[in-house]
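Order of the sequence lines sets the chain letters (A, B, ...), proteins ahead of strands, with each chain counted from 1.
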Protein chains: 2
Amino acid sequence: MTRDTVPETNRSLPIALLRAREKVMGPIRAMLADVGVTEQQWRVLRVLAERGTLDPTEIADRSCLLMPSLTRILQTLTTKGLITREVHPTDKRRQLVTITAAGRQLIADNLKESQRLNAWLRESFGADKLDALLDLLNELDALDRDPRG
Amino acid sequence: MTRDTVPETNRSLPIALLRAREKVMGPIRAMLADVGVTEQQWRVLRVLAERGTLDPTEIADRSCLLMPSLTRILQTLTTKGLITREVHPTDKRRQLVTITAAGRQLIADNLKESQRLNAWLRESFGADKLDALLDLLNELDALDRDPRG
DNA sequence: AACTTGCCATTAACATGTTAAGTAAAGGAT
DNA sequence: ATCCTTTACTTAACATGTTAATGGCAAGTT
């Protein structure tokens, strides 16, 4: 009965995305656990290493985190000595976040393993498929918002 | 410097998967919020509607949830009167979870809107691309585990 | 200047993610 | 029957996801 009207979870895009993400993140999480940082903390550090000093709003945007989560993460990273924070010189509402030498070192220490995991993925899954997948995902993300039309 | 060694987050599969998921889930979350259930609770209810009575372990597997999360969710759903639980007749370790009439009603009430969102996605993104994306994601999920080789 | 509006970041409250440990029951071996 | 291992589920502890409300500050309006 319900089997005819309720779509199979197999063809559900949200769940498919979730499972794929789990597949990819599992090994990365394991690697990061050894160093004592979470996946999200790692994302923040990488963004800071990529772009240099940023304010929290831009970090949130680039690392795909919501501000409340980021607030807690920045506190944690500060405690761990991986970032520093200072108030914006002309706008006291804002902050400037910078990765420390220790933070860069942490990234450097794990970059090789991170790249090895990426290489494994490209080989196992196929470079062509991986690129095709990334293109599709980016296209999806670029879709016009708001399906209430 | 770091720009040469640290891969851009744009081409990071984990982040691309995350952003794509956000794009798809946003509207669905909004719909479910009106009914007072979360995305995960919705997944559990759908699995139960699809497959009938199941034990928690199989629910966790099919709805892509970890057991600790599922334990809390099943408690919530029981409180809300959307599911019932009973101990397995021959194996007292196990349980049997069944969706209630109220649970089925909740699904029925939201099915149309859910399908409308799916239709919007197919139109906006393209049916061919959507299918290609789902195929790629399923292939990825089917990859051999364990990249420590 | 007083008011208003908007923005940045934080906090609060609740739900889930994640890993590890704990509890109870089932199954097999001695 | 006793012991050991495994299985199914729960709890605990900490981190994040998510929405709403709050506080501090900036900028425009009157």
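Within a heavy-atom distance below 4.0 Å of DNA chain D, the residues of residues 78-91 of chain B found are B:Arg85.
Atoms CG (A:Leu74) and P (D:dT16) sit 10 Å apart, rounded to a whole Å. In this entry the distance linking CG of B:Leu77 with P of C:dC14 reads 18 Å, nearest Å. Atom CD1 in A:Ile73 sits about 15 Å away from atom P in C:dA9, given to the nearest Å. When the P atom of D:dA27 is taken as reference, atom NZ of A:Lys92 falls 12 Å away, rounded to whole Å. Taking atom CG of residue A:Asp61 and atom P of nucleotide C:dA9, one finds them 12 Å apart after rounding to whole Å. B:Met25 places its CE atom 10 Å from the P atom of D:dT19, with the value rounded to the nearest Å. The nearest whole Å value for the distance from the CZ atom in A:Arg43 to the C1' atom in D:dG17 is 11 Å. For the pair A:Met67 CE and D:dT16 C1', the interatomic distance rounds to 15 Å; values are reported in whole Å.
Using five terminal pairs a side, the axes of the helix from C:dA1-D:dT30 to C:dT30-D:dA1 at its two ends make an angle of 0°, given in steps of 10 degrees.
Applying the 4.0 Å criterion to OP1 and OP2 of C:dT10, one finds that A:Gln95 has a side-chain N or O inside that range. Listed pair B:Gln41 / C:dT16 meets the phosphate criterion, a side-chain N or O lying under 4.0 Å from OP1 or OP2. For A:Thr38, a side-chain nitrogen or oxygen approaches OP1 or OP2 of D:dT16 to under 4.0 Å.
Remark: A:Asp135 CG to B:Leu133 CG distance equals 11.5 Å, nearest 0.5 Å. Note that OG1 of A:Thr76 and CD of A:Gln40 are 11.0 Å apart. Values are rounded to the nearest 0.5 Å. Interatomic distance, CD1 of B:Ile107 versus CD1 of B:Ile99, reported as 4.0 Å (0.5 Å rounding). A distance of 8.0 Å separates OG1 in A:Thr71 from CD in A:Gln95, rounded to the nearest 0.5 Å. Summarising the geometry, atom SG belonging to A:Cys64 is positioned 4.0 Å from atom CG belonging to B:Leu18; distances are rounded to the nearest 0.5 Å. In this structure, CG on B:Asp109 lies 13.5 Å from CZ on B:Arg104, to the nearest 0.5 angstrom.
A:Leu70 comes within 4.0 angstrom of nothing in the nucleic acid, heavy atoms only. Note on B:Gln75: only backbone sugar-phosphate atoms sit closer than 4.0 angstrom, heavy atoms only; bases stay farther off.
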Between the protein and nucleotides 18-22 of chain C, are there any N/O to N/O pairs under 3.5 Å, and if so, what are the atom names and distances?
unit_1	atom_1	unit_2	atom_2	d
C:dT18	OP1	A:Arg29	NH1	2.9
C:dT18	OP1	A:Arg29	NH2	3.1

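Salt-bridge formation is detected for the pair B:Glu113/B:Arg116: a Lys NZ or Arg NE/NH1/NH2 atom is positioned less than 4.0 Å from an Asp or Glu carboxylate oxygen. Ionic pairing of A:Glu139 and B:Lys23 is not present here: no N-O contact between side-chain nitrogen and carboxylate oxygen is shorter than 4.0 angstrom.
A donor N or O paired with an acceptor N or O is found under 3.5 Å between the base of C:dC7 and the side-chain atoms of A:Arg93.
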(request) Run the numbers on B:Thr98 and B:Thr53 for side chain to side chain donor-acceptor pair (under 3.5 Å), then give the verdict. (result) CA-CA 5 Å; B:Thr98 307; B:Thr53 298; 2.8 Å; yes
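Placement of A:Ile59 and A:Leu96 in two distinct hydrophobic clusters is found when ILVMFWY residues are connected by side-chain heavy-atom separations under 4.5 Å, directly or transitively. Cluster annotation: B:Ile73 is connected to B:Val35 through the hydrophobic network of ILVMFWY side chains, with a link wherever side-chain heavy atoms come within less than 4.5 Å. Two different hydrophobic clusters hold A:Val87 and A:Met67 under the rule that ILVMFWY side chains link at heavy-atom gaps under 4.5 Å.
Checked against D:dC9, C:dA9, D:dG17, the side chain of A:Gln40 finds its nearest nucleotide in D:dG17. Comparing atom distances between the A:Arg94 side chain and each of C:dG17, C:dA9, D:dG17 picks out C:dA9 as nearest.
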